[in-house]
Q: 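Structure in structure tokens, see below.
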Amino acid sequence: MAETFNSEELERFQQLVEQAEQASRDDPSNYRRRVTVLAVLGHAVLVGTAAALVAVLGLYVWSVYSETALLDVLFSKAAIFPIAILVFVLARALWARVEPPQGYRVSRGAAPALYKEIDALTTKLATPRIHEVRISTDLNAAIVQTPRLGALGWNYNTLVLGIQLLMALTPSQARAVLAHELGHLSSNHGGSNRWLYKARDNWRRVMDAYAGDQSWGGGWMRQFFEWYAPYFGAYSFVLARSFEYEADAVAAEITSKETTAMALVSCELKGSVVEEQFWKPLWALADQESGPVADAYSRLAVFLRDYRPQRAELLARISSATETDTGLTDSHPALRDRLAALGAPPEIPKPMRRTAAEVWLERRYHRLLEKMDEAWAEQEQVEWQERYIEVQAARERLDRLAEMEIDALLPEALWERAQLTERFSAELQEDPLSLYYAYYRRCPSDPQGELALGRLLLARDDPRGVIFIRHAAEHEGLVLEASRLAMEYFERVGNELERRNWARRAQQQQEIEQAAERERASVRVTDAFEPAQLSGEQVREVRARLRNMDEVDRLYLARKRLNHHPERPLFVVAYESKLRTPKLEQRLVALLDLPGQSYVIKMGGKQDRVAEKVKRAGERLR
């Protein structure tokens, strides 16, 4: 699972995580103590908030029945309004509503085998009681703690099990997954870790509750929340990863390290298999049928139960899965790191006799599938029909293009015909390769044409495709796709040296992309700015759109000077407004509709020095 951030938060988060990683390596005990102190600070603020709330309410009640002069002043008409706002804000902080998890509720009577597993594990691991079990449609599992008293706790614990997870694993493998989730809450395995684990989730909930709050009181409270919660979340991120290793160890203790490893590998492999070999072909039916299938999850159950891949395919998938590194924003370590921590090598999953879904859900299983089938068909009806209509229009367009001689087609029409022919190649006699060759002869400098030729040739294991792929990879925007195609080809033909060369090239390009993302994550006074470089027509259109936006007094537009991908501009908008209009900056971005990423700052605010540089370098549009 990856943490999500907007572009402004990403750079700061990465810096804090890197600091935490270094601190953890230098002195693990001291790092853990510092995280604990941070967690205590946060809880102290929450408890202090609760105490202040009780005190304010108590004083107010007392003042109603008291003749004390001081209290008359404190609770005069002039003072009661801000006190009421404070009480409201504090109450919101402490009793922020948390939406309960979604899914189909399964009672103890409907699935006794499942509850027997849960009871045995909660007893053995000394975890809090599981109050409710819900079955979701995901390939995942989680324990969701919904606080009945907001930040003060008293959690209602819901175990959410994905039906795809239960259909993809054997009962013993699913037991390992369940033990992992319960291991996070186990009193027998690191009580302090359990408290810190809950503290991270607690602050995430508080911040989610305050997202978008623009009230005076909310802004006052958010000054602390917006400093503390991201800082604590980032600095404790390294510890959060260690929770996953510890939970894996709990699962291995309950089952075995081999079973736990097999569960991890099965989840990783079957997640990609289900997407590629089930959902993608299922949605391809929308090309032919006007309405969605009525039994999607029932079909998926059969697919997973009968999945018998070739050994070579499994080995390739395992190799690919174990090559993935743990990303900087991934709270869950990569498969390779988790297997290494367990001391268990990746093994090929064995065929399943009975799935965990069949054993644990018993008679309830097929009824759940029926409900999911009905819900999926209803939910996907509109998107399915839109795809069907789009495909029929594309076929009609291809029929018209196919009636014309190739030499009579303009390059754009020839490219469109080649793409449509490739898309519907299973239904047609025409080979799209000949059309791409015709386009390449017409437009030899177009890297997209070279990439298409390379893709088709390599798919046929024709080594001539490598030449086109190399040429396409000279264009920075196509390096990653070209590298992927080359790596897949050289892996198939057994050329490990070339595969590694392309892998290094992909890694280098990925680092460039990450640097480009960091470069766009913020705007600082040390940055250089230049004119926006819009055409005269574009400037006139922007000014026309701004004409009726009375909230903005002045507006200047420039672009940040970038080292990476300057062809993908980052526009910087500096505006002046005397009004406090909610979501004005979001509205400006949507209204301007600039051909690139936009960053909006207010003149006279915290980034006024940046705004002045934008004003000098850019152009006034209002």
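Everything numeric in this text was worked out from a predicted model, so none of it was measured.
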Q: Are there more than 12 heavy atoms of other residues, nucleotides or ligands under 6.0 Å from atom CD of Gln102?
A: no
Q: Let's go through Leu485 and Trp502 carefully: what are the C-alpha distance in whole Å and the side-chain angles of both, what is the deciding distance for side chain to side chain contact (heavy atoms under 4.5 Å, CB included) to 0.1 Å, and is it a yes or a no?
A: CA-CA 9 Å; Leu485 293 168; Trp502 281 97; over 6 Å; no
Q: Any chance you could lay out the side chain to side chain contact (heavy atoms under 4.5 Å, CB included) test for Arg524 and Gln607, step after step, and finish with the verdict?
A: CA-CA 8 Å; Arg524 302 175 178 178; Gln607 291 186 292; over 6 Å; no
Q: Using the rule given for side chain to side chain contact (heavy atoms under 4.5 Å, CB included), can you reason through Leu165 versus Asn140, listing the C-alpha separation, both sets of side-chain angles and the distance that settles it, and then say yes or no?
A: CA-CA 6 Å; Leu165 178 85; Asn140 199 4; over 6 Å; no
Q: To the nearest 0.5 Å, what is the distance between CD (Gln448) and OH (Tyr440)?
A: 14.5 Å
Q: Minimum heavy-atom separation for Asp608 and Gly604, please, with both atom names.
A: OD1-N, 2.7 Å
Q: Starting at CE of Met372, measure out to OH of Tyr297 and round the result to the nearest 0.5 Å.
A: 7.0 Å
Q: Are any of the side-chain heavy atoms of Val542 and Leu557 separated by less than 4.5 Å?
A: no
Q: One pair to check against side chain to side chain contact (heavy atoms under 4.5 Å, CB included): Glu612 and Arg616. What are the steps and the verdict?
A: CA-CA 6 Å; Glu612 284 299 318; Arg616 291 195 297 270; 3.9 Å; yes
Q: Holding to side-chain hydrogen bond (donor to acceptor under 3.5 Å, both in side chains), I want the full list of residues that pass it with Arg504, two or more places apart in sequence or in another chain.
A: Asn501
Q: Are Leu453 and Tyr439 packed together at the side-chain level, in the sense that at least one heavy-atom pair is separated by less than 4.5 angstrom?
A: no
Q: Enter the distance from Arg395:CZ to Arg423:CZ here, rounded to the nearest 0.5 Å.
A: 8.0 Å
Q: Per the side-chain hydrogen bond (donor to acceptor under 3.5 Å, both in side chains) rule, what does the pair list look like for residues 402-420, sequence neighbours excluded?
A: Arg397-Glu416, Trp415-Gln419, Arg417-Glu430
Q: Whether Arg241 and Glu244 form a salt bridge (side-chain N of Lys/Arg under 4.0 Å from carboxylate O of Asp/Glu) is what I want to check.
A: no
Q: Can you give me every donor-acceptor pair (side chain of residues 457-464, partner residue at least two apart or in another chain, under 3.5 Å) with its distance?
A:
{"unit_1": "Arg460", "atom_1": "NH1", "unit_2": "Asp431", "atom_2": "OD2", "d": "3.2"}
{"unit_1": "Arg460", "atom_1": "NH2", "unit_2": "Asp431", "atom_2": "OD1", "d": "2.8"}
{"unit_1": "Asp461", "atom_1": "OD1", "unit_2": "Arg492", "atom_2": "NE", "d": "3.1"}
{"unit_1": "Asp461", "atom_1": "OD1", "unit_2": "Arg492", "atom_2": "NH2", "d": "3.0"}
{"unit_1": "Asp462", "atom_1": "OD1", "unit_2": "Arg464", "atom_2": "N", "d": "3.0"}
{"unit_1": "Asp462", "atom_1": "OD1", "unit_2": "Arg464", "atom_2": "NE", "d": "3.2"}
{"unit_1": "Asp462", "atom_1": "OD2", "unit_2": "Arg464", "atom_2": "NE", "d": "3.1"}
{"unit_1": "Asp462", "atom_1": "OD2", "unit_2": "Arg464", "atom_2": "NH2", "d": "2.7"}

Q: Less than 4.5 Å apart, any side-chain heavy atom of Pro569 and any of Gln533?
A: no
Q: Taking all non-hydrogen atoms of both residues, which atom of Leu409 and which atom of Arg442 are closest, and how far apart?
A: O-NH1, 2.7 Å
Q: Quick one: does Glu551's side chain have a donor or acceptor within less than 3.5 Å of a partner on Ser577's backbone?
A: no
Q: Using side-chain contact (heavy atoms from CB on, under 4.5 Å) as the criterion, point out the one residue from Val523, Val573, Leu555 that pairs with Val600.
A: Val573
Q: Say you draw a straight line from CZ of Arg622 to CD of Glu576; how long is it, rounded to the nearest 0.5 Å?
A: 11.5 Å
Q: State whether the number of non-hydrogen atoms from other residues, nucleotides or ligands found under 6.0 Å of Glu378 atom CD is greater than 12.
A: no
Q: Considering only NZ, NE, NH1 and NH2 on the basic side and carboxylate oxygens on the acidic side, decide whether Arg387 and Glu380 come within less than 4.0 Å.
A: no
Q: Taking the side chain from Arg545 and the backbone from Leu592, do they hold a donor-acceptor pair closer than 3.5 Å?
A: yes
Q: Under a 4.0 Å threshold between the charged nitrogen and the carboxylate oxygen, would Glu474 count as salt-bridged to Arg470?
A: no
Q: Do the charged groups of Arg499 and Glu491 touch, with an N to O distance under 4.0 Å?
A: no
Q: Using a 3.5 Å cut-off and no angle test, enumerate the donor-acceptor pairs between side-chain atoms of residues 274-283 and protein atoms at least two apart in sequence or in another chain.
A:
{"unit_1": "Glu276", "atom_1": "OE1", "unit_2": "Arg317", "atom_2": "NH1", "d": "3.4"}
{"unit_1": "Glu276", "atom_1": "OE1", "unit_2": "Arg317", "atom_2": "NH2", "d": "2.8"}
{"unit_1": "Gln277", "atom_1": "NE2", "unit_2": "Glu313", "atom_2": "OE2", "d": "2.9"}

Q: Using distance alone, with no hydrogens and no angle criterion, decide if Glu396 and Gln392 have a side-chain donor and acceptor under 3.5 Å apart.
A: no
Q: Among residues at least two apart in sequence or on other chains, which ones pass ring pair (Phe, Tyr, Trp, His ring centres under 6.0 Å) with Tyr489?
A: none
Q: Looking at side-chain heavy atoms only, is the closest gap between Leu480 and Arg484 below 4.5 Å?
A: no
Q: What closest approach, in Å, do Asp553 and Arg620 show between heavy atoms, and which atom pair accounts for it?
A: O-NH2, 4.0 Å
Q: Do you know the tightest heavy-atom contact between Leu570 and Arg520?
A: CD2-CA, 4.1 Å
Q: To check you understand the geometry: which heavy-atom pair defines the closest contact between Ala296 and Asp373, and what is its length?
A: N-OD1, 3.3 Å
Q: Salt-bridged, Arg561 to Asp527, with N to O below 4.0 Å?
A: no
Q: Are side-chain heavy atoms of Gln597 and Arg568 found at a separation under 4.5 Å?
A: no
Q: I need the minimum non-hydrogen distance between Trp384 and Ser290, along with the two atoms involved.
A: CD1-O, 3.6 Å
Q: How many angstroms lie between CD in Gln164 and SG in Cys267, if you round to the nearest 0.5 Å?
A: 11.0 Å
Q: Any side-chain heavy-atom pair from Ile512 and Gln508 closer than 4.5 angstrom?
A: no
Q: Side-chain contact, heavy-atom cut-off 4.5 Å: Val610 with Lys560?
A: no
Q: Crowded around Arg400 CZ? As in, over 12 foreign heavy atoms under 6.0 Å?
A: yes
Q: Rounded to the nearest 0.5 Å, how far does CD of Glu519 lie from CG of Asn563?
A: 4.5 Å
Q: Who are the ring pair (Phe, Tyr, Trp, His ring centres under 6.0 Å) partners of Phe529, not counting sequence neighbours?
A: none
Q: Can you confirm whether the side chains of Glu517 and His564 place a donor and an acceptor under 3.5 Å from each other?
A: no
Q: Can you confirm whether Arg609 is buried at CZ, in the sense that more than 12 heavy atoms of other residues, nucleotides or ligands lie under 6.0 Å from that atom?
A: no
Q: Within the structure provided, determine whether Arg543 and Leu621 are in side-chain contact (heavy-atom separation under 4.5 Å).
A: yes
Q: Between Arg455 and Glu422 (salt bridge meaning N to carboxylate O under 4.0 Å), is one present in this structure?
A: yes
